Amino acid sequence: MKESILVLDFGGQYNQLIARRVRECNVYCEVHPYTMTVEEIKAMAPDGIILTGGPNSVYDMSSPHGDAALFDMGIPILGICYGAQLMAWTLGGKVATAPVSEYGKTEVKITDKTGLLKDVSDTTVAWMSHTDYIETVPEGFKVTASTLVCPVAAMENEEKKLYAFQYHPEVTHSQEGMKMLSAFVHGPCGCKGEWKMDSFVENSITEIREKVGSGKVLCALSGGVDSSVAAVLMSKAVGKQLTCVFVDHGLLRKNEGDEVEAIFGPEGDYDLNFIRVNAQQRFYKALEGVTEPEAKRKIIGEEFIRVFEEEAKKIGAVDYLVQGTIYPDVIESGLGKSAVIKSHHNVGGLPDYVDFKEIIEPLRMLFKDEVRKAGLELGIPEYLVYRQPFPGPGLGVRIIGEITEEKVKIVQDADAIFREEVAAAGLAGSISQYFAALTNMRSVGVMGDFRTYDYAVALRAVTTSDFMTAESAKLPWEVIEKVTSRIVNEVDHVNRVLYDCTGKPPGTVEFE
Ligand code: XMP
């Protein structure tokens, strides 16, 4: 039986992070809603359970309480924040509104160095985020840590293998959080920690085979990291039962369509059915005369769906749709339901007709860097696995104003030069995203003895960890100069290059 930890989700914001930390302990981990029944938990037979934080108050009867029988299963349980309060409250302790809420890094005094806190320093810093606290611990529990304002920062009942932390060990601000989580996973849960990304790949392949049987599977492949990893995983699992549809909307980077085809097409490395739909002209036509950014996005998304639908119909009787959804774009999906797809999905939204038995999202539990690890494990080339993000609407959001074939060519060529020079300068790994965009501005210049009246290309390079906020990258001036000189010399219709120094906010990463 493979080792596993179950994370029961009570609505906290760090829940997937907890799962990720458990995986960092080399133990397989799944996150399920708190409504999972005791029978379902028994069937999964986890080695330990972690109850997450959440925004509610346990003494409010409308809050999620899970099944009280959970605590009698004999499975080690760790409650975190709301999960800690839930454990205390359910087992007869007292939870109340704290006189002082604690937020942020907080000094925690370990008052009893036993159990999970055995190897933690006498005083440590942990991340707090709570307004309620445990006032009295339940019978059989002892307090093991406290803060200036929180009498029960940690408690445990070793005999029953029940543990609780008011703070969040999973966030990096908790200095010894990993040590504490690891103590739970490897201590009372008894996990040896033999799970690795290759086990994820192997397990997924087995599970997918069982689920799909002899059914037909369709995958929308964009050539991006997530959909590529999902496609290769599926291909390893079900071989030719898989068909990948790659829609070339004419808004890809230079040579990208051919690159994707070279890897996944008939001459490529994978034994799958690959359909490339060259829909460039169809997209250009639909975008003719359109200048408003949202209208352009909608047209691209809509057109994509239509093309994809047409291909799906041609193949016929497809049972499963594969999506490269990763956490945090996890979406609702399920048997017999129509697919509910996020509009910002990286293929611009997929069809919501109901002809699929089920949507398969093999990467839905993984973070981006974990997806990359899985990709390497699957033998996908590094340059593909470490690709920078590329938006679903592609160059459509990097051309201000009307999109024309000519403008696409300009931005493709300028972008290729920029990427080449960033790579040559050895900077590719230190910039999160970088590209050229075509402004709608034309200005006067001089080339040789002639007046020019041409476009200005904008270079954009940002560093960011989550893409929610970003800083403009401070590229070396020599690199900018070289790129500028090459672009104005090599790309027709460009006589000026600008560098975008705007952060996000107030800018966004993309131009539209
Ligand atoms: P913004 O421009 O919103 O971009 O600051 C943040 C990140 O999201 C990417 N992006 C998209 N990705 N579909 C996508 O799959 C889209 O419609 C889309 N719009 C922006 C962008 O490239 C950046 O990494």
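The model shown is predicted, which means the values in this text are computed figures rather than measured ones. Sequence positions, counted from 1, serve as the residue numbers for this chain. All ligand and atom numbering here is 1-based and tracks the order in the structure.
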Check your understanding: Under a 4.0 Å N-O cut-off, is there an ion pair linking Glu309 with Arg306?
Key -> yes
Carboxylate-amine/guanidinium contact Glu358 Lys211, below 4.0 Å: yes
Yes or no: does Arg297 have any heavy atom under 4.0 Å from an atom of ligand 1? yes
Exercise for review: Would you mind listing which atoms of ligand 1 come within a distance below 4.0 Å of any non-hydrogen atom of Lys504?
Suggested key: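 So the atoms of ligand 1 that pass are 1 (P), 3 (O), 5 (O), 6 (C).
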Ligand 1 to Thr508, heavy atom cutoff 4.0 Å, flagged ligand atoms 1 (P), 2 (O), 5 (O)
Using side-chain heavy atoms (C-beta onward) and a distance below 4.5 Å, is Gln388 in contact with Tyr434? yes
Residues pairing under salt bridge (Lys or Arg N to Asp or Glu O under 4.0 Å) where one sits in residues 496-505, two or more places apart or in two chains, turn out to be Arg460-Asp500
Any N/O pair Gln433/ligand 1 closer than 3.5 Å
yes
Any N or O of Pro393 closer than 3.5 Å to N or O of ligand 1: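 There is no such contact.
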On a heavy-atom basis, the closest approach of Ala19 and Val31 is CB-CG2, 3.6 Å
